[in-house]
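Letters A, B, ... are given to chains in the order of the sequence lines, protein chains preceding strands, and every chain is numbered from 1. The basis for the numbers below is simple: all heavy atoms, side chains too, and nothing from hydrogens, waters or symmetry mates. All values reported here derive from a predicted model rather than from experimental measurement.
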There are 2 protein chains.
Amino acid sequence: MRLSTKGRYGLKAMVDLAIHSQDKQIALRHIAERQDISEHYLEQLIAVLRKSGLVKSVRGAQGGYSLALPPDEITVGDILRALEGSLAPVACVDDEFAENCAEWDYCVTKFVWQKIRDKVNEVVDSITLQDLAEEHEKLNCDKEYMYYI
Amino acid sequence: MRLSTKGRYGLKAMVDLAIHSQDKQIALRHIAERQDISEHYLEQLIAVLRKSGLVKSVRGAQGGYSLALPPDEITVGDILRALEGSLAPVACVDDEFAENCAEWDYCVTKFVWQKIRDKVNEVVDSITLQDLAEEHEKLNCDKEYMYYI
DNA sequence: TGGAAAACCGAGTAATAAACTAGGAATTAA
DNA sequence: TTAATTCCTAGTTTATTACTCGGTTTTCCA
């Protein structure tokens with residue numbers, strides 16, 4: 001039950017933005033370099049985040065990306081769900097695309113999947129980019145360049 | 001972050017066993033038919049469960065499978081981890097195969113992954129086959145044949 | 001005692017998804 | 001005008017999933 005690189009890279013990129021972009025925008029190239037992610041691939045991920053209203057962009061030379069909202073208003077859940085889709089462990093308990101399963105009424109494994117889904121959402125919705133940026137500050141306060149996320 | 005069919009089919013098969021096998025063993029063919037799973041595929045999954053000590057088998061004609069332990073001593077976590085491996089959302093917080101990540105000390109996203117891992121394990125370790133068999137009883141008490149899991 | 005019913009085993013394969021790569025068009029600051 | 005950047009679509013490679021296939025071995029039972 002692993003997250004794909006979309007979720008992992010996407011969250012790293014967003015924490016990077018939370019740390020490095022206050023007011024100003026950051027070129028994707030810099031994020032990709034700092035986080036060691038293929039620039040072209042990250043481009044596709046950040047396009048999704050932009051369409052989800054989590055980042056905004058400035059085009060042209062000296063352009064770049066920044067958070068579309070204050071970091072304490074963006075949760076890890078917003079980011080992961082934008083990139084990974086629902087965090088439900090099986091499709092039948094997916095909030096959006098709940099497949100109409102013929103056995104639903106008599107199925108007991110659904111109770112397990114629902115609990116997993118709810119707990120995962122509880123965790124990711126309770127952590128904001130602000131929280132992670134603060135943790136980062138604690139861990140890396142002695143470093144001139146704060147590369148690692 | 002979906003579970004594969006291994007975990008889903010495996011749990012269904014184990015609940016089926018919890019319900020249908022008391023003392024006696026059940027042929028894989030019956031489980032596969034009831035749960036609508038390819039028999040050959042399920043064979044591979046149950047082999048893993050057997051090697052993990054969760055089911056036992058009787059070979060030869062009239063042979064079959066049964067739980068290796070009382071249903072209240074087998075948790076959903078035992079089953080899912082046997083079939084899916086660690087339930088950690090990313091490899092770096094995998095209890096067993098924790099990759100030695102160079103950035104570990106400065107990484108903040110690990111806090112998210114650890115919390116998800118812990119909550120998921122908490123859920124699956126708190127539910128036993130006994131619990132699910134009882135839920136099944138409630139849902140299907142009026143049915144002569146209790147197919148659906 | 002022979003046949004059928006079962007578990008056991010290892011290899012192969014088709015389909016799907018993940019993780020990128022490639023190549024350019026549009027936009028804009030300097 | 002040029003260089004730096006975002007934006008867009010499509011293609012490609014790799015890995016994983018979800019099986020299938022073809023047996024061998026074991027054991028009950030008529």
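- Contact annotation: B/Tyr65 does not reach the phosphate of C/dA6 (side-chain N/O to OP1 or OP2, under 4.0 Å).
- Applying the 4.0 Å criterion to OP1 and OP2 of C/dT21, one finds that A/Ser38 has a side-chain N or O inside that range.
- Place A/Val58 and B/Ser4 on DNA chain D by their nearest nucleotides, and A/Val58 ends up nearer the 5' end.
- Atom-to-atom distance recorded for B/Ile79:CD1 and A/Thr109:OG1 is 11.0 Å, nearest 0.5 angstrom.
- Counting any heavy atom pair closer than 4.0 Å across all strands shown, A/Arg50 reaches sugar-phosphate atoms only and no base atom.
- The structure places CD1 of A/Ile31 at 8.0 Å from OG of A/Ser21, a figure rounded to the nearest 0.5 Å.
- Taking side-chain N and O atoms only, A/Arg29 has no distance below 4.0 Å to OP1 or OP2 of D/dA4.
- In this structure, B/Lys6 places its NZ atom 9 Å from C1' of D/dA18, rounding to the nearest Å.
- Each of A/Ala27 and B/Arg59 was matched to the nucleotide of DNA chain D holding its nearest heavy atom; the match closer to the 5' end belongs to A/Ala27.
- Distance CG (A/Leu49) to P (D/dC7): 12 Å, rounded to an integer number of Å.
- Residue-level contact check: B/Arg8 touches neither bases nor backbone, having no heavy atom under 4.0 Å from any strand.
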Under 3.5 Å, N/O pairs linking protein and nucleotides 9-14 of chain D:
{"from": "D/dA10", "atom 1": "N6", "to": "A/Gln44", "atom 2": "NE2", "distance (Å)": "3.4"}

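- A donor-acceptor pair under 3.5 Å is absent between the side-chain atoms of B/Asp16 and the main chain of B/Lys12, judged by distance alone.
- With values rounded to the nearest 0.5 angstrom, A/Leu83 atom CG is found 8.5 Å from A/Met14 atom CE.
- Among the atoms of the strands shown, none is found under 4.0 Å from any heavy atom of B/Ile46.
- Taking atom CD of B/Gln25 as the reference point, atom P of D/dT27 lies 12 Å away to the nearest angstrom.
- In this structure, A/Ile37 atom CD1 and C/dC20 atom P are separated by 9 Å, rounded to whole Å.
- Annotation: of the two residues near DNA chain C, A/Tyr41 and A/Ala61, the 5′-most nearest-nucleotide partner is A/Tyr41.
- Taking NZ from A/Lys110 and CD from B/Glu135, the interatomic distance works out to 9.0 Å, rounded to the nearest 0.5 Å.
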